[in-house]
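First up is the structure itself, then whatever we jot down about it.
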Amino acid sequence: MKQYNHRAVERKWQGVWEKKKFYGAADKSKKPKFYGLVEFPYPSGEGLHVGHVRSYTGMDVIARKRRAEGHNVLYPIGWDAFGLPTENYAIKTGQDPRAVTKKNSDNFRRQLKALGLSFDWSREINTSDPNYYRFTQWIFLQFFKRGLAYKAKVPINWCPKDKIGLANEEVVDGKCERCGAAVEPREKEQWMLAITKYADRLAKDLDLVNYPESIKVQQRNWIGRSEGWEIEFKINPTPNPSPKGRGINSPSFGGGEGEVAFGYQTTDPKIWRALQDKTLEMRKNSTEAENVMWQMLRNNSLDCHFRRQHIIGKFIVDFVCLEKKLVIEVDGDIHDYQKEEDRERTEFLEIEGYKVIRFRNEEAVQNISSVKNKIAEILKALSFGEGLGGVIKIFTTRPETIYGATFVAITGKTDRFTGEYAINPANQEKIPIWEAEYVMKDVGTGAIMGVPARDTHDLEFAKKHGLPVKEAPMADQKIWTKIGVKPITTYKLRDWVFSRQRYWGEPIPIIHCAKCGIVPVPEEDLPVKLPKVKNYKPTDNGDSPLANIASWVNVACPRCGDKAKRETDVMPNWAGSSWYYLAYVVHKPKSYDLKAKRLLKKWLPVDWYNGGMEHTTLHLLYSRFWHKVLYDLKLVPGQEPYQKRTAHGFILAADGEKMSKSRGNVVNPDEVIKLYGADTLRLYEMFMGPFGQAVSWQTESIIGVRRFLEKVFRYSEKRKTQNVKQVTPNQKLNSLINETVKKVSADIEAMKFNTAVSQLMICANHFAKAETVVKKDWETFLILLAPFAPHLTEELWATLGHRSSIQLAPWPAYDERQIQAGGVIAVQINGKTRATIGVVEKGAEGRIKELALENPVIKKWLIGKTINKMIYVKGRLINIVVE
RNA sequence: GCCGGAGUGGCGGAAUUGGUAUACGCGCACGACUCAAAAUCGUGUCUCGCAAGGGAUGAGGGUUCGAGUCCCUCCUCCGGCACCA
């Protein structure tokens, strides 16, 4: 008897499929289309993960079933090739990221082909291919033209040690992932995409698609639409004294004559005279840090007038802005004598209503711009309310509680009284404005009215800070109208920061011209190719490494022809994956045609998109956003890109942990294929547990599916020696095969691959034991197994004498009437099964009752009991209810 | 805290959605074949009990002829959002 040689079988059929371009999707077919999509991999140096295998095999099973059902199937794959790991690896090893990407994707392709996945390889895409990103850039320009791409100052994560801006995922616990330095916020001009303009549609159109409810909930949460009411509170025009009582230790200022006469005098003239010499001396002997700080503060770029070595009370502060009551101190070793006083003086200054911030010498010397940013941020917070016309807009869902408002709270990193007061428009009461940690900037207007009597959070806050609690009457609609309560809808979703100061991404196709401003690169000049660079490291000031290539950066303005500069930021990793499902459709060997409407109309929407749970929020939202913009440009048909979305669960290592190189628990698919074969690996991953759930890898369990395939192989060999021509159909096997067709078909649709495989195993077990199995049933079994184990079934199909592929055999139908209910009925007494009876016909209720009561075991149980009623469940059980 | 999901043998997990709990697979034990081993085949494998029978689906209660499944209270674990005004 022949042995099951998986290597030979798999190599043979993979060769045949490739040669015949077996799995190519036909753009011109009349068959109904099916577009199955899986998340294309990031070609990392680690190679294919067994988690990829799970996802891709799952959709492969579905794609193969669809083909057998007569569909024209598009099941494509490609490489999400731009991204940080490759760039970082390139920096570390001095290689060109293109070379790294080529090497990695070659490896991935080899691995995927070894799995026998039915991808249409002729449509393979690579987001880092200039032909591909030409259209990523083109789409960006459409955003720009519609005003959906704009530049704004945004804080970024700045690593002061590596001197680069970090992506959010590179920041772990507020620290740089690689060097561990504390990450600082830094303002930088960034390209933004106005996704918030689509927030409403992104939320609403979830009704149009078939996604699991959990994913819809996640998307809605992320968008964070909240409907409520906005009320304007006027800010009290005359600032009030600071809250903690004033001037306790204050020698004279605050109401003293000095303040009236000289706005800048903040101390008793006597003290001033005593300390003045000292201030002069300090200015002479100032430290480098102080000098740097002063140069920065005096040039007025912060829109605030600062004084140096100024006397407040009995203390000399380094710098002060009197209008904003902001004191800046630079601590150094030279003025040690001051340190002793530090605590006392800070206390004093705070009581006087000053905010005191301190910087260390090194901070000022090494990074004055970061210091400046921090100061600017604080000034912004201090001047809250100015420039708003003295109005603060609060957000509430319960405007009727306005009479109970005892304070207004705005976003703050810590709880702090701002020193300002607001007027409650309903009763003209003056209530304090606080900064509160619990008020979030992304919700509503970022400001609330505190109603401690009606809201537990407000109450907590009021108690903590000694604010009053009122049991107040409710305000009716008339009052709402009078005070201008207006309904508003707000979103938690922010606009999408689209710039990265990196190398390995799509260059943003924009040119900056001194005369014309921001000018888009003309469409015919696309792609703006990523130039080759010697050093991929970002520059010291946080600009992209592209900024260092003068020959690339300096261009003529496309509008006026004058000297201009290219934008040096690149796009984030999300860009290429936001439209890749379109690229497969409009793909031509060397280019793409996004205007190929006929093709887009033919293939869209994606019928079924499977991917990881980790991408169900951002990637899905981003690509839906892009799709909607393209829809508005009349480029794509339909509002939504993906008709149906499912998510597979993670594969964890045997120890229940995440697979990772550092833990040393990574399973390499190559090794499993070598040892057991691709069919075994596919089948194991389908069988290991529920597809949507996380499961641990158990190497010792693989042997089970391998044994199953061997059993199938042996049975095929056994049939060759049998005379199967004169077989009379066996009732039981006939029922079994019909049931198997039914269950496997339904389970594949529901992605319950594990139970589908289990049913196939049951079927094979029966076949192996049976005297004979009719050829048709055996063929049906092979067709059902083919999506899971395409190589072996193709081989066995051929040994039956078929000239054409098993992949072309139609998916079998089943006959419900042929399925028997196991032929056994349970007899229960008061719901407990006491006996079983075999019946020929499952329908005859009267006969079954008779049989049940005749059963000796049941008779025994019924001695001395009265039967109240009997419940018969067709084909399953009969329940005898006694007393 | 809220939202979503889940708790079933030694292990991965089934259960037609209210109808014979523990399918299928791993592991384990015994047997057959073999000089022997591997492979294969067969039998057994929730638990207490010699048996008759009893008990068991995280814990407790409820609805029902009947509950792993539905309802209430509680506990634990995983995932997401993290003070949602």
Side-chain angles (χ1 to χ4, degrees), chain A residues 1 3 212-222 224-226 228-229 394-399 401 409 436-440 442-451 454-458 460-461 490 492 613-614 616-617 647 649-650 652 654 656 683-684 687-690 692-708 710-711 714 739 742-743 746 752 754-765 768-769 819 821-822 824-837 857 860 867-882:
Chain A
M1 195 187 268
Q3 292 290 304
E213 202 49 38
S214 60
I215 293 179
K216 288 191 182 182
V217 167
Q218 259 185 53
Q219 295 241 326
R220 290 203 184 98
N221 283 348
W222 194 266
R225 180 189 158 99
S226 46
W229 307 85
I394 67 98
F395 181 75
T396 182
T397 51
R398 302 194 58 193
T401 63
E437 214 183 334
Y438 81 98
V439 177
M440 295 187 301
D442 292 344
V443 178
T445 58
I448 60 158
M449 59 178 184
V451 188
R454 303 275 176 201
D455 183 282
T456 49
H457 271 123
D458 296 349
E460 213 175 279
F461 187 82
T490 65
K492 201 159 72 182
M613 212 58 209
E614 70 275 22
T616 50
T617 315
F650 290 116
L652 303 168
L683 208 55
Y684 170 65
F687 183 63
M688 67 194 301
Q693 226 167 275
V695 196
S696 302
W697 183 271
Q698 294 191 302
T699 298
E700 63 276 13
S701 290
I702 299 174
I703 193 69
V705 286
R706 167 72 194 198
R707 280 180 196 152
F708 163 63
E710 280 173 4
K711 187 178 278 184
R714 270 200 312 275
E739 199 185 339
K742 182 182 177 180
K743 182 151 180 62
K752 288 164 137 185
N754 53 335
T755 49
V757 174
S758 145
Q759 182 64 35
L760 289 167
M761 284 172 167
I762 292 170
C763 196
N765 288 342
K769 278 182 207 167
I819 302 173
V824 180
I825 282 182
V827 185
Q828 299 184 332
I829 294 182
N830 286 348
K832 292 213 173 200
T833 304
R834 297 300 181 186
T836 52
I837 50 174
V857 180
K860 206 182 79 189
I867 297 173
N868 286 343
K869 59 175 163 177
M870 288 171 86
I871 294 155
Y872 173 64
V873 180
K874 195 182 167 192
R876 301 214 158 268
L877 58 80
I878 181 155
N879 190 12
I880 304 169
V881 186
V882 296

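The chains referred to below are lettered A, B, ... by the order of the sequence lines, with proteins before strands, and numbering in each begins at 1. The structure displayed is predicted, hence computed values, not measured ones.
- Straight-line distance between the P atoms of B/rA21 and B/rG12: roughly 23 Å, to the nearest whole Å.
- Positionally, the nearest nucleotide of RNA chain B for A/Ile702 lies more toward the 5' end than for the other of A/Ile702 and A/Trp222.
- With a cut-off of 3.5 Å on both pairing distances, the Watson-Crick or G-U wobble partner of B/rC30 is B/rG42.
- Distance A/Glu710 CD to B/rA39 C1': 9 Å, rounded to the nearest Å.
- In the set B/rG19, B/rC24, B/rG80, B/rC24 carries the atom at the smallest distance from any side-chain atom of A/Ile762.
- Classification of the A/Phe461-A/Tyr438 ring pair by plane angle, with boundaries at 30° and 60°, yields tilted.
- At the heavy-atom level, A/Thr397 lies under 4.0 Å from the strands shown only through sugar-phosphate atoms.
- Comparing B/rA23, B/rG27, B/rA85 against the side chain of A/Ile703 picks out B/rG27 as the nearest.
- Under the Watson-Crick and G-U wobble criteria, each requiring two contacts below 3.5 Å, nucleotide B/rU63 is left unpaired.
- A distance of 12.5 Å separates NZ in A/Lys752 from CD in A/Gln759, rounded to the nearest 0.5 Å.
- With both ends at atom C1', the span from B/rG61 to B/rG19 equals 23 Å, rounded to whole Å.
- Here the CH2 atom belonging to A/Trp697 is positioned 12.5 Å from the CG atom belonging to A/Leu652, to the nearest 0.5 angstrom.
- Taking atom C1' in both B/rA59 and B/rU8, the straight-line distance is 15 Å, to the nearest Å.
- Of the candidate nucleotides B/rA23, B/rA85, B/rG12, B/rA23 has the atom nearest to the side chain of A/Ser758.
- If you take atom C1' in B/rC30 and the same atom in B/rU20, they sit 28 Å apart, rounded to whole Å.
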Verdict with supporting geometry, A/Gln828 and A/Ile878, side-chain contact (heavy atoms from CB on, under 4.5 Å): CA-CA 6 Å; A/Gln828 299 184 332; A/Ile878 181 155; over 6 Å; no
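- With both pairing distances under 3.5 Å, B/rA6 is matched to B/rU76 as a Watson-Crick or G-U wobble pair.
- Taking only side-chain nitrogens and oxygens, A/His457 never comes nearer than 4.0 Å to OP1 or OP2 of B/rG1.
- In this structure, B/rA37 makes no Watson-Crick or G-U wobble pair, since no nucleotide meets both defining distances under 3.5 angstrom.
- Using a 4.0 Å cut-off between charged side-chain N and carboxylate O, A/Lys743 and A/Glu739 make no salt bridge.
- Between A/Trp697 atom CH2 and B/rG12 atom P there is a gap of 16 Å when expressed in whole angstrom units.
- Within 4.0 Å (heavy atoms only), A/Val443 reaches at least one base atom of the nucleic acid.
- One atom, CZ of A/Phe461, and another, P of B/rA85, lie 18 Å apart when rounded to the nearest Å.
- A/Val217 comes within contact range of the sugar-phosphate backbone alone, with a heavy-atom separation under 4.0 Å but no base atom that close.
- Nucleotide B/rC81 is matched to B/rG1 when pairs are restricted to Watson-Crick or G-U wobble geometry with both distances under 3.5 angstrom.
- B/rG60 and B/rC75 have their C1' atoms separated by 11 Å, with the value rounded to a whole Å.
- Taking CZ from A/Arg706 and OG from A/Ser701, the interatomic distance works out to 16.0 Å, rounded to the nearest 0.5 Å.
- In this structure, A/Arg398 places its CZ atom 15 Å from C1' of B/rC84, rounding to the nearest Å.
- A/Asn765 and A/Lys711 form a side-chain donor-acceptor contact under 3.5 Å, judged by distance and modelled atom types alone.
- Annotated as anti: B/rG58, whose O4'-C1'-N torsion sits more than 90° from 0.
- Using a 4.0 Å heavy-atom distance criterion, A/Val757 is classed as making no nucleic acid contact.
- Note on A/Asn754: only backbone sugar-phosphate atoms sit closer than 4.0 angstrom, heavy atoms only; bases stay farther off.
- B/rU40 takes the anti form, because its glycosidic angle lies more than 90° either side of 0.
- Using a distance-only test at 3.5 Å, with no hydrogens or angles considered, a donor-acceptor pair links the side chain of A/Thr445 to the main chain of A/Phe395.
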With the criterion being N/O to N/O and under 3.5 Å, what pairs connect the protein with nucleotides 7-11 of chain B, and how long is each?
residue, atom, partner, partner atom, Å
B/rC11, O2', A/Gln698, NE2, 3.1

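- From A/Lys874, atom NZ reaches atom CD1 of A/Ile825 across 10.5 Å, with rounding to the nearest 0.5 Å.
- Counting non-hydrogen atoms under 4.0 angstrom, A/Lys216 reaches nothing in the nucleic acid.
- Residue contacts for A/Lys711: at a heavy-atom cut-off of 4.0 Å it reaches the sugar-phosphate backbone alone, with no base atom in range.
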Protein and nucleotides 63-67 of chain B: nitrogen or oxygen contacts under 3.5 angstrom:
residue, atom, partner, partner atom, Å
B/rC65, O2', A/Asn879, ND2, 3.4
B/rC65, O2, A/Asn879, ND2, 2.5

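- Nucleic acid contact class of A/Asn765 (heavy atoms, under 4.0 Å, all strands): sugar-phosphate only.
- Atom OG1 in A/Thr616 sits 10.5 Å away from atom CH2 in A/Trp222 (nearest 0.5 Å).
- Minimum heavy-atom separation, A/Tyr684 to A/Ser696: OH-O, 4.2 Å.
- No contact: A/Arg225 has no heavy atom under 4.0 Å from any strand.
- Separation of the P atoms belonging to B/rC70 and B/rA52 is 35 Å when rounded to the nearest angstrom.
- Here B/rU40 is the nucleotide among B/rU40, B/rG13, B/rU16 with the atom lying nearest to any side-chain atom of A/Arg714.
- Taking atom P on both nucleotides, B/rC3 is separated from B/rG10 by 34 Å, rounded to a whole Å.
- Here the P atom of nucleotide B/rG12 and the CD atom of A/Glu700 are 11 Å apart, to the nearest Å.
- Nearest heavy atom pair, residue A/Ile215 against residue A/Met613, reads CG1-CE, 3.9 Å.
- Within the nucleic acid shown, A/Glu437 comes within 4.0 Å of at least one base atom, counting heavy atoms only.
- Summarising the geometry, the separation between OH on A/Tyr438 and P on B/rA82 is reported as 19 Å, rounded to the nearest angstrom.
- The CG atom of A/Asn879 sits 7.0 Å away from atom CG of A/Asn830, with the distance rounded to the nearest 0.5 Å.
- As a whole-Å value, the separation of A/Glu213 CD from B/rG5 C1' is 14 Å.
- Regarding contacts with the backbone of B/rC41, every side-chain N or O of A/Arg707 stays at 4.0 angstrom or more from both OP1 and OP2.
- Across all strands shown, B/rG18 has no partner, as no Watson-Crick or G-U wobble contact with both distances under 3.5 Å is found.
- The shortest side-chain heavy-atom distance between A/Val827 and A/Ile837 falls under the 4.5 Å cut-off.
- Applying the Watson-Crick and G-U wobble criteria (two distances, each under 3.5 Å), B/rG12 pairs with B/rC24.
- Nearest nucleotide to the A/Thr836 side chain, out of B/rU16, B/rU20, B/rG13: B/rU20.
- Using C1' as the reference atom, B/rG44 and B/rU34 are 23 Å apart when rounded to the nearest Å.
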